[in-house]
Amino acid sequence: MKNYLQVVGIVTGILIVFVTLIQLEVALPLIWLLFISGPGLIIWMVWAVLAAPVEIKETFEEQWYQDRPDLLKG
């Protein structure tokens with residue numbers, strides 16, 4: 001598994017824990033800790049995704065939408 005996928009999974013898991021703790025109204029210091037660390041976690045996730053060594057074979061002109069082959073340009 002690639003590193004950026006692990007980072008996305010970790011940050012998503014922390015978000016789920018954060019929302020769950022808010023709904024259960026428990027561990028207020030932990031809720032605040034997750035709330036304060038949230039922007040740093042998001043920046044870490046964005047950096048990991050943007051810095052990932054993913055090679056794109058198609059250009060924008062060749063493949064308009066990758067999930068919609070019926071919308072090919074040209």
Side-chain angles (χ1 to χ4, degrees):
M1 182 179 285
K2 302 211 183 249
N3 186 29
Y4 69 94
L5 293 176
Q6 293 173 346
V7 173
V8 171
I10 290 168
V11 174
T12 302
I14 291 172
L15 174 65
I16 291 170
V17 168
F18 174 69
V19 171
T20 304
L21 290 175
I22 290 174
Q23 292 300 316
L24 297 176
E25 299 179 4
V26 294
L28 195 58
L30 182 58
I31 291 171
W32 275 106
L33 176 68
L34 292 174
F35 177 74
I36 291 170
S37 63
L41 291 170
I42 298 296
I43 290 170
W44 176 48
M45 181 177 66
V46 169
W47 177 79
V49 169
L50 291 177
V54 176
E55 185 177 329
I56 306 298
K57 296 180 179 140
E58 298 91 7
T59 64
F60 186 71
E61 294 297 324
E62 294 171 350
Q63 186 74 31
W64 178 251
Y65 287 102
Q66 288 189 350
D67 59 341
R68 297 278 310 269
D70 58 319
L71 295 177
L72 287 172
K73 278 190 161 185

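Transitive grouping of hydrophobic side chains (ILVMFWY, heavy atoms separated by less than 4.5 Å) keeps I16 and V11 in distinct clusters. Residue I14 is not grouped with residue I43 when hydrophobic side chains (ILVMFWY) are merged at heavy-atom distances under 4.5 angstrom, including chains of intermediate members.
Nearest approach of Y4 to A52, heavy atoms of both residues: CD2-CB, 3.4 Å. Listed here is the closest heavy atom pair of T12 and V8: OG1-O, 2.7 Å.
Legend: residues meeting side-chain contact (heavy atoms from CB on, under 4.5 Å) with L30, ordered by chain and number and at least two apart, are L21, A27, L33, L34.
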